[in-house]
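See below for the structure under consideration.
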Amino acid sequence: MSAAVPHAAVPFAHSFLDCGVELAVEPLPERQTVALSFRMLTGSADDPLELTGMAAIVERTLSKGTARYDGRALADAFDACGAQWGTACGRQSTLLRVLCLPEFVLDVIDLAAELIARPTFPDDACKVAVRLAQEELEHLDDDPQELLRIDMQRLTLGPVLGRHGGGERDTLPRINPAAVREHWRKFFSAGRLQISAAGPVSFDALCARVDAAFRGFGDASRAGRDNADFVFTPGRNHRERDLKQQYIGLALAGAARGDAEFATEQVLLGVLSGGMSGRLFTEVREKQGLVYWVGAWHEQPRGAGLIHLGASTTPERCHQTYETLLRELQRLGEDLTDDEVRRARDGLIAHCETEDDLTRARAAGLSDDLFHFSRPIGLQAKLNAIRAVTRAAVEAYARRLRRDQVCVATVGPRRLE
């Protein structure tokens with residue numbers, strides 16, 4: 001095991017263990033619970049092109065049977081520890097999150113290792129997972145906002161990183177139990193596993209238990225840590241649907257999580273879409289009555305960033321809404337006020353000091369730090385960055401946004417003019 005590395009001004013311990021697992025811990029001795037995040041650095045971006053949806057099927061069936069437990073017995077074992085747990089699959093990660101009492105944390109690590117490192121993928125469970133994924137695809141036609149999200153994802157991130165993680169109609173039938181097991185063997189290993197924990201725990205005790213639980217689990221060499229492989233390219237996509245509303249989304253290049261201006265972008269988005277006082281709500285919805293729904297947000301694949309704006313409107317007002325969204329972006333560099341920046345900044349800080357201070361959020365934030373920065377950063381450093389954002393910085397950032405380099409997707413009866 002490499003030595004635990006303390007980080008200046010933050011009470012973290014961070015180490016690569018002999019088994020290959022990367023472990024980071026934020027000791028919070030005053031808390032009553034422990035939160036753990038197990039992040040396997042593989043997701044839908046690793047799906048074979050002919051088997052898209054595979055990563056999601058692997059995630060769904062990890063807990064359906066292991067070397068020691070069947071699915072029911074594994075769930076009962078977690079329940080016996082009083083643990084709350086769940087799994088999720090994204091583009092570049094597959095996650096297991098657990099919340100438990102401190103006295104059960106070592107037992108929970110053993111159960112997590114059973115689920116992650118020793119699944120059996122029963123035939124019946126794999127077939128059921130595929131069938132459920134096929135049913136979910138069929139239901140997508142009833143959710144135009146989700147269709148818009150899928151189209152925007154493919155348009156902005158490209159055919160690999162932007163593929164629909166739920167699979168496609170022609171790829172899901174090809175996924176069988178043998179293929180699921182082979183995919184797990186190829187992409188799940190100790191060298192791809194990042195574990196973060198927050199709460200009243202001993203780093204040394206966690207190191208010893210994690211190292212023992214995951215010893216011999218695949219390749220111990222580090223993998224899955226490359227930046228997202230895509231080039232942002234402007235484009236348009238329209239999905240024809242006979243709807244009374246028109247859904248519109250646009251995206252432009254933004255800041256990666258590690259960029260110095262990431263906090264500035266956070267405040268900018270707070271001005272745009274920070275509740276009922278945000279510009280998009282007040283200017284586009286309340287004053288002009290253009291939209292039923294409007295919002296702005298961002299996302300960060302590893303090493304990259306995107307800014308999104310979205311709205312639903314009438315087909316007749318689709319082009320006007322598109323131009324208005326771009327105009328609101330432009331205005332941020334022209335008539336921004338100190339009060340708007342202060343309100344957005346205070347809203348972000350309040351969220352950080354409440355929701356993001358929960359024990360499970362601290363573990364999740366630490367997991368994100370390992371994913372984006374390869375080291376712990378901590379909540380306080382992020383708060384300090386937000387507090388330092390000025391009106392001049394937001395104005396300058398807004399003026400540099402490439403509004404002429406935009407991806408636009410629409411779902412509904414009318415194309416943009």
Positive for side-chain contact (heavy atoms from CB on, under 4.5 Å) with Leu115, one of Tyr69, Phe38, Phe78: Phe78
Cation-pi check, Arg222 onto Phe16 ring (under 6.0 Å, within 45° of axis): yes
[X] side chain to [Y] main-chain N or O, any donor-acceptor pair under 3.5 Å?
X: Arg97; Y: Ser37; result: no
X: Arg209; Y: Leu106; result: yes
X: Asp259; Y: Glu261; result: no
X: Thr282; Y: Gly278; result: yes

Audit row: Arg91, Glu299, salt bridge (charged side-chain N to carboxylate O under 4.0 Å, His left out) steps and yes/no: CA-CA 12 Å; Arg91 296 188 190 100; Glu299 64 174 330; 3.0 Å; yes
Worked check of side chain to side chain donor-acceptor pair (under 3.5 Å) between Gln300 and His372: CA-CA 9 Å; Gln300 291 77 40; His372 289 285; 5.7 Å; no
Intermediate values then yes/no, side-chain contact (heavy atoms from CB on, under 4.5 Å), Thr42 and Ser93: CA-CA 5 Å; Thr42 183; Ser93 301; over 6 Å; no
So, for [X] and [Y], which heavy atoms are closest and what is the spacing to 0.1 Å?
X: Lys64; Y: Ala125; value: CB-CB, 3.6 Å
X: Gly275; Y: Phe281; value: O-CB, 4.0 Å
X: Pro200; Y: Thr33; value: CD-O, 3.2 Å
X: Thr156; Y: Cys407; value: CG2-CB, 3.8 Å
X: Gln32; Y: Pro102; value: O-CD, 3.3 Å
X: Asp110; Y: Ala213; value: OD1-CB, 4.0 Å

Residue Arg68 excluded, over 12 heavy atoms near CZ under 6.0 Å: no
Summary of salt bridge (charged side-chain N to carboxylate O under 4.0 Å, His left out) pairs that have at least one residue in residues 19-32, sequence neighbours excluded: Glu22-Arg225, Glu26-Arg362, Arg31-Asp357
Counterpart residues, side-chain hydrogen bond (donor to acceptor under 3.5 Å, both in side chains), relative to Arg302 (two or more places apart): none
Nearest-0.5 Å distance that lies between atom CZ in Arg174 and atom OG1 in Thr52: 8.5 Å
Under-4.0 Å salt bridge between Arg118 and Glu114: yes
Any non-hydrogen side-chain atom of [X] less than 4.5 Å from a side-chain atom of [Y]?
X: Gln134; Y: Pro173; value: yes
X: His238; Y: Leu416; value: no
X: Leu23; Y: Phe203; value: yes

Trace of the salt bridge (charged side-chain N to carboxylate O under 4.0 Å, His left out) decision for Arg39 with Asp368: CA-CA 9 Å; Arg39 185 191 289 261; Asp368 286 346; 2.6 Å; yes
Chi angles and distances behind the side-chain contact (heavy atoms from CB on, under 4.5 Å) call for Gln330, Arg399: CA-CA 7 Å; Gln330 178 181 340; Arg399 286 194 291 267; over 6 Å; no
